[in-house]
Amino acid sequence: MSLAGGLDRRHSFINGQWQASVDAELVTIEEAATERPLGVAAMGGPAEIDRAVGAARAALAGPWGRSTPRERAAVMRRFADSLERRGESTARLVSQQNGTITPLSRISNAAGPVAFLRAMAEVAQTRSFETCRTSTKGRTIVRQEPVGVVGAITAWNYPQLLAMSKIAPALAAGCTLVLKPAPETALDAYVLGEAAEEAGLPPGVINIVAGGVRAGEALVAHPDVDKIAFTGSTAAGRAIGEAAGRALKRVSLELGGKSAAIVLPDADLDVFAKSLDDAVFKNGGQTCTTNSRILVPRGQAQEVLDVLAAYVDDLVLGDPLDEAVTLGPMVSDQHRERVRNYIRLGESEGFQLVRGGSKAPEGMTHGWFVSPTIFAGVPNGSRVAQEEIFGPVISVIPYGSEDEAVRMANDTPFGLGGVVFTQDHERGLDIVSRMRSGTVGINYYSLDMGSPFGGVKASGIGREFGPEALDHYLEYKSIYV
Ligand code: NAD
C-alpha cells in the first residue's frame with residue numbers, strides 16, 4: 001500500500017487471478033467532494049490488454065464455450081448474489097469517485113445492475129437459442145452462438161450499470177469479456193472481479209483492466225476481440241466505430257445526447273416539477289439522456305422558469321455521502337472546468353442568467369462543484385443549446401408552434417432521450433412519434449431496464465437493456481442437415 005488507508009487497486013483481474021500489472025501507470029484517484037486521495041489504481045496498457053484478451057479467448061475455447069444457457073444462468077445468479085452483498089459499499093465508493101448522490105448510486109450502481117443481471121439470467125434460461133426449419137433439400141438448424149470475445153469500454157457516470165449492461169448479456173450469450181472501465185472510476189470496477197471470483201465464474205470469463213485511451217485503443221485493435229461494446233462520448237465512439245469497421249468487428253455504441261423536454265401549453269407544471277430529478281438534473285446533469293433543452297411556449301416561458309428556479313433554489317449541494325444532499329460535485333477538476341466554460345460562454349453570449357453562473361457555488365471551498373445554472377432565451381442554434389455539456393446547465397428555449405417545437409427538438413446531431421409534457425395523451429403520443437430519438441417519455445423520463453435503450457444519429461448504434469440486449473452478443477449459424 002502506498003496510500004495510508006486508501007484503496008490499492010494496482011492489480012488487474014485476469015484469468016480469475018489478481019495479476020500485477022506489466023505495463024501500467026499508477027494513478028491516484030481523488031474524492032470528488034473533498035479532493036482527498038481515495039486510492040491508487042493501475043492504468044494498464046497494450047501488454048496488459050493482450051494478456052486479458054488471451055485469457056478471454058482461452059476461456060471461450062474451454063468448458064464455458066460449451067456451457068448450456070441453464071448452467072450460465074446459475075452462475076449469473078450466484079454472481080448477482082455476490083454483487084448484492086457488496087451493494088452498499090459499492091454504491092458509496094462510486095459516489096466518492098464521481099459525485100453521484102448516494103440514493104441514486106444505490107439504484108444505479110447496486111440494485112439496478114443486480115436486477116439486470118438476474119433478468120438476463122432468466123432470459124438465458126427461458127429463451128430458445130435454436131430453431132429448425134424445412135429447406136428445399138432437407139432441414140436447416142438455425143442456431144445462435146456467442147459472438148466471441150467482447151471488449152467492453154465504459155464511461156464513469158454510472159460505472160456499475162454501464163459495465164453490467166455489457167457483462168450480463170455477454171454472459172447470457174456465452175461470450176467472454178474484457179472490461180476496460182473509465183480511469184475516473186477504476187476503483188469500483190474491481191468489485192466486479194471480487195464478486196465474480198466469489199461466485200465461481202470460470203477463470204477468464206470476465207477480465208478487468210483499468211486504463212485510459214491507450215488501453216481502450218489496444219482493446220479495440222486487438223485481433224482476438226470479436227465485438228466492442230462501448231459507452232462514452234460521441235467523439236470517442238466515432239474513433240472506435242472507425243477502427244472496428246476497418247477490422248470488421250461487431251460494434252455497439254452508446255454515445256452522447258442533447259435531449260429536449262417539450263412543455264406544451266396544456267402541461268401540468270406540477271408534473272413537470274416532479275419530473276425534474278429524473279428527466280433534467282439526474283446525477284447533476286452527468287447523464288447521457290439529460291433533457292437539458294427545455295422548449296416552452298413563447299407566452300408561458302415565465303411560468304416554466306419559475307418552476308425551474310424554485311427547483312434549483314431547493315437543491316442541497318454537498319458531499320454525496322450525506323443523505324440530505326441532492327446535488328453532488330462533478331467527477332473531476334477537468335470536467336468541472338469544461339462545464340464552467342460552457343456557462344462562461346452562455347454568459348458572454350448575453351443569455352438571461354436565471355440561476356447559477358460560472359462562479360463557484362458559495363461556501364464550497366473543496367470539491368468539484370458547479371452552480372446549477374439556468375439560461376433563458378437561448379437560441380436553439382447556439383453552442384450552449386447544441387453541444388453536450390454533461391453538467392447542471394439548462395437552456396430554456398421559447399417556441400411559437402407545436403411544429404416548431406418538434407423541429408427544434410430534432411435539430412441537433414443527437415437522438416437519445418426526449419420528453420413531452422401535456423395532459424392530452426394522444427397529443428403526447430403524436431409528438432413523441434415525431435421526435436427522432438431512441439427513447440422518449442410522456443410526462444416523465446426514466447430508463448426502463450426491461451426495454452431496449454439506445455440512440456439514433458450521433459447518439460449511437462445498437463441497443464442495450466431488455467431481452468433484446470442479447471441479440472448483439474449472438475451470431476447466427478445455419479446448419480444444413
Ligand atoms: P469518453 O468517451 O471520454 O470515455 C469513455 C471511455 O472510453 C473511457 O473508458 C475512456 O478511457 C475510453 N476511450 C476514450 N477514447 C477512446 C478511444 N479512442 N478508444 C478506446 N477507448 C477510448 O467519455 P466520458 O467522458 O468517460 O463519458 C461521458 C460521455 O459518455 C458523455 O458523452 C455521455 O453522454 C456518454 N454516455 C453515454 C451513455 C449512453 O448510454 N448513451 C451512457 C453514459 C454516458
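Counting starts at 1 for both ligands and their atoms, following the listed order. Fair warning: this is a prediction, and the values are worked out from it, not measured in the lab.
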Problem - Identity and separation of the nearest protein heavy atom to atom 7 (O) of ligand 1 - result: F230 CE1, 3.1 Å

Exercise for the section: Measure the distance from atom 13 (N) of ligand 1 to every protein heavy atom, then report the residue, atom name and distance (to 0.1 Å) of the closest one. Expected result: V213 CG2, 4.3 Å

Exercise for the section: Looking only at protein heavy atoms, identify the closest one to atom 25 (O) of ligand 1 and say how far it is in Å. Expected result: W156 NE1, 3.2 Å

Exercise for the section: Indicate, as side chain, backbone, both or neither, the part of A235 found under 4.0 angstrom from ligand 1 when only non-hydrogen atoms are considered. Expected result: neither

Practice task
Check whether any N or O atom of E184, backbone or side chain, sits under 3.5 Å from an N or O atom of ligand 1, and answer yes or no.
Solution key: no

Exercise for the section: State whether the shortest distance between N or O atoms of S233 and N or O atoms of ligand 1 falls below 3.5 angstrom. Expected result: yes

Problem - Nearest non-hydrogen protein atom, atom 35 (C) of ligand 1 - result: G232 O, 3.1 Å

Problem - Check: R51 side chain, P46 main-chain N or O, donor-acceptor pair, under 3.5 Å - result: no

Handout entry: Contact list for residues 91-124, test ring pair (Phe, Tyr, Trp, His ring centres under 6.0 Å), sequence neighbours left out
Key = F116-F465

Practice task
With heavy atoms under 4.0 Å as the rule, classify the contact between F390 and ligand 1 as side chain, backbone, both or neither.
Solution key: side chain

Exercise for the section: Please identify which atoms of ligand 1 are closer than 4.0 Å to at least one heavy atom of K180. Expected result: 8 (C), 9 (O), 10 (C), 11 (O)

Exercise for the section: Examine ligand 1 and decide if any of its atoms is less than 4.0 Å from a heavy atom belonging to G460. Expected result: no

Fill in the blank from the handout: Quick look: T231 vs ligand 1, heavy-atom contacts under 4.0 Å, and the answer is both

Problem - Verify atom 4 (O) of ligand 1: protein non-hydrogen atom under 4.0 angstrom away - result: no

Exercise for the section: Look only at interatomic distance and state if V220 has a nitrogen or oxygen under 3.5 Å from any nitrogen or oxygen of ligand 1. Expected result: no

Fill in the blank from the handout: Per-atom filter on ligand 1: closer than 4.0 angstrom to a heavy atom of T154 are 5 (C), 6 (C), 8 (C), 9 (O)

Exercise for the section: Using a 4.0 Å heavy-atom cut-off, say whether T289 meets ligand 1 through its side chain, its backbone, both or neither. Expected result: neither

Handout entry: ligand 1 to T234 polar contact by distance, N or O atoms, under 3.5 Å
Key = no

Problem - Side-chain donor-acceptor pair present, E347, S358, cut-off under 3.5 Å - result: yes

Practice task
For ligand 1, note which part of I240 has a heavy atom under 4.0 Å away: side chain, backbone, both or neither.
Solution key: side chain

Problem - Contact check, Y158 vs ligand 1, heavy-atom distance below 4.0 Å - result: no

Practice task
Determine whether the side chains of N98 and E184 contain a donor N or O and an acceptor N or O closer than 3.5 Å.
Solution key: no

Exercise for the section: State, without any angle test, whether E198 and S82 hold a side-chain donor-acceptor pair at a distance under 3.5 Å. Expected result: yes

